[in-house]
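What follows is one structure encoded as structure tokens, with my remarks underneath.
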Protein chains: 2
Amino acid sequence: MISLDFRDSRSIYEQICDKVKKLILEGALSEGDKIMSVRELASSLTINPNTIVKAYKQLENEGYIYSVQGKGYFVAGRKSAAKDADFGALFDTARATLSELCFLGTEKDTVTRMVDDIWKEMKR
Amino acid sequence: MISLDFRDSRSIYEQICDKVKKLILEGALSEGDKIMSVRELASSLTINPNTIVKAYKQLENEGYIYSVQGKGYFVAGRKSAAKDADFGALFDTARATLSELCFLGTEKDTVTRMVDDIWKEMKR
DNA sequence: TAACTGTACTATTACATATAATACAGTATA
DNA sequence: TATACTGTATTATATGTAATAGTACAGTTA
């Protein structure tokens with residue numbers, strides 16, 4: 001379900017953030033679903049629980065999940081994430097990455113096709 | 001020309017990398033142009049020369065600039081950057097960012113317009 | 001020769017990451 | 001009620017990266 005890549009230069013908690021977020025974006029995790037507990041995921045990945053806490057706290061700040069004392073962490077809804085999202089930063093990242101791909105010779109059709117695929121596959 | 005944002009959580013050398021790269025992508029710096037020397041940019045930003053070296057070395061590894069002993073750093077050509085680029089990582093970043101924007105309710109037209117603008121404005 | 005360039009190295013400080021261990025509070029269930 | 005889960009909080013420690021400081025050497029230009 002969730003695994004770590006030790007060749008990845010990013011920090012462990014960042015990788016966990018991205019993996020959980022990806023599961024939510026893909027629809028593998030839906031609103032209200034309970035996700036793995038802090039201790040459960042930590043022992044599953046053989047890492048420290050505090051590292052999971054750090055990742056979950058960040059996803060909570062981004063509005064993607066929420067916690068309930070004694071019960072666990074659950075997936076929040078799209079509205080929650082949209083309310084807390086930093087659209088400025090997201091568009092900046094998108095613009096910078098696409099500009100670089102353009103500069104490096106990527107065909108516009110290639111990118112347009114990618115956009116089409118994403119907006120078609122995403123269940124909304 | 002190049003400035004630092006201390007509210008930015010990213011490291012200084014990363015910010016410098018991105019700013020120089022942005023100038024190249026925008027066409028403000030063209031192939032063969034000499035860029036600010038290590039010591040010149042360091043004293044201009046009131047930071048340590050070693051930090052500039054780190055940023056320039058990374059841009060050199062990405063094929064965006066090259067150095068000549070005793071003369072300085074110069075802007076390399078598109079082919080040089082394209083040869084060293086990690087297209088897999090770039091497309092991964094693009095896909096992840098665009099998927100998140102889609103999930104958060106961004107209209108496809110908004111993104112398509114952004115792509116059109118980038119491929120139109122970029123002088124190739 | 002003098003004043004620039006890049007390059008290389010050591011030492012030091014500061015900060016973020018990750019681990020370890022412990023404790024407390026809320027929830028669910030036998 | 002007792003037990004075993006949940007999240008939360010705290011302190012301490014080790015490690016690696018980022019950034020600074022200083023020095024030195026080699027190539028280029030005027």
Side-chain angles (χ1 to χ4, degrees), chain A residues 1-21 24 29 32-76 80 84, chain B residues 1-21 24 29 32-76 80 84:
Chain A
M1 173 145 61
I2 290 184
S3 59
L4 293 177
D5 180 2
F6 290 98
R7 292 165 301 182
D8 196 326
S9 65
R10 292 175 309 161
S11 56
I12 297 176
Y13 88 92
E14 265 182 305
Q15 290 186 48
I16 293 169
C17 268
D18 288 354
K19 298 254 176 168
V20 174
K21 184 183 288 184
I24 296 175
L29 290 173
D33 283 354
K34 185 180 184 308
I35 65 178
M36 287 183 85
S37 78
V38 167
R39 292 176 178 80
E40 191 181 4
L41 183 52
S43 71
S44 147
L45 296 176
T46 330
I47 61 174
N48 196 283
N50 295 336
T51 304
I52 308 292
V53 170
K54 186 165 185 179
Y56 281 8
K57 285 291 176 192
Q58 178 162 319
L59 286 172
E60 192 173 27
N61 283 332
E62 294 182 36
Y64 280 100
I65 61 178
Y66 61 91
S67 68
V68 181
Q69 262 275 32
K71 300 182 81 170
Y73 275 92
F74 301 86
V75 178
S80 167
D84 295 342
Chain B
M1 173 141 68
I2 291 183
S3 60
L4 294 177
D5 181 1
F6 290 99
R7 291 165 303 182
D8 196 326
S9 63
R10 292 175 308 159
S11 55
I12 297 176
Y13 88 91
E14 265 182 307
Q15 290 186 48
I16 293 170
C17 268
D18 288 355
K19 298 254 175 167
V20 174
K21 184 184 289 185
I24 296 175
L29 289 174
D33 282 356
K34 184 182 184 305
I35 65 178
M36 288 182 84
S37 78
V38 168
R39 291 176 180 82
E40 191 182 5
L41 183 52
S43 71
S44 147
L45 297 176
T46 329
I47 61 174
N48 196 283
N50 295 335
T51 305
I52 308 293
V53 169
K54 187 166 185 178
Y56 280 8
K57 286 291 176 191
Q58 179 163 319
L59 286 172
E60 193 174 25
N61 283 332
E62 293 182 37
Y64 279 99
I65 62 178
Y66 62 91
S67 68
V68 180
Q69 261 275 34
K71 299 181 82 169
Y73 275 91
F74 301 85
V75 178
S80 166
D84 295 343

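- The side-chain heavy atoms of A:Y73 and A:V38, taken from C-beta on, include a pair separated by under 4.5 Å.
- Between the P atom of D:dT20 and the OH atom of B:Y13 lies a distance of 14 Å, rounded to the nearest Å.
- The base of D:dA21 sits within donor-acceptor range of the side chain of B:N48, with an N or O pair under 3.5 Å.
- Residue B:K71 is the one, among B:K71 and A:E14, whose nearest nucleotide of DNA chain C lies closer to the 5' end (criterion: closest heavy atom).
- Close approach of DNA chain C to chain B, defined as any atom under 4.0 Å from a non-hydrogen atom of the protein, starts and stops at C:dT5 to C:dC9.
- When the P atom of D:dT17 is taken as reference, atom CG of B:N50 falls 17 Å away, rounded to whole Å.
- Using a 4.0 Å heavy-atom distance criterion, B:Y56 is classed as making no nucleic acid contact.
- Under the salt bridge (Lys or Arg N to Asp or Glu O under 4.0 Å) criterion, B:K57 pairs with B:E60, sequence neighbours left out.
- For A:F6 and D:dG16, the CZ to P distance is 15 Å, given to the nearest whole Å.
- Along DNA chain C, the nucleotide nearest A:S11 and the nucleotide nearest B:G70 are compared for position; the residue whose nucleotide lies closer to the 5' end is B:G70.
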Under the side chain to side chain contact (heavy atoms under 4.5 Å, CB included) criterion, do B:K54 and B:C17 qualify, and how do the steps go? CA-CA 9 Å; B:K54 187 166 185 178; B:C17 268; over 6 Å; no
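- A:E40 has its CD atom 14 Å from the C1' atom of D:dG7, to the nearest Å.
- In this structure, A:S37 reaches the D:dT6 phosphate: one of its side-chain N or O atoms is under 4.0 Å from OP1 or OP2.
- A:R39 places its CZ atom 13 Å from the P atom of D:dA9, with the value rounded to the nearest Å.
- Rounding to whole angstrom units, CD1 of residue A:I52 and C1' of D:dT6 are separated by 15 Å.
- In this structure, the side chain of B:S80 engages the main chain of B:G63 through a donor-acceptor pair within 3.5 Å.
- Side-chain contact between B:Y56 and B:I35: present, with at least one pair of heavy atoms (C-beta onward) separated by less than 4.5 Å.
- Rounded to an integer number of Å, the gap from A:I35 CD1 to D:dG7 P is 8 Å.
- B:L45 has its CG atom 14 Å from the C1' atom of D:dA19, to the nearest Å.
- When the side-chain contact (heavy atoms from CB on, under 4.5 Å) test is applied to A:R7, the partners found at least two apart in sequence or on another chain are A:D5.
- The side chain of A:K57 contributes an N or O atom lying less than 4.0 Å from OP1 or OP2 of D:dT8.
- For the pair A:I24/A:I65, a side-chain contact is recorded, criterion being any heavy-atom separation below 4.5 Å from C-beta on.
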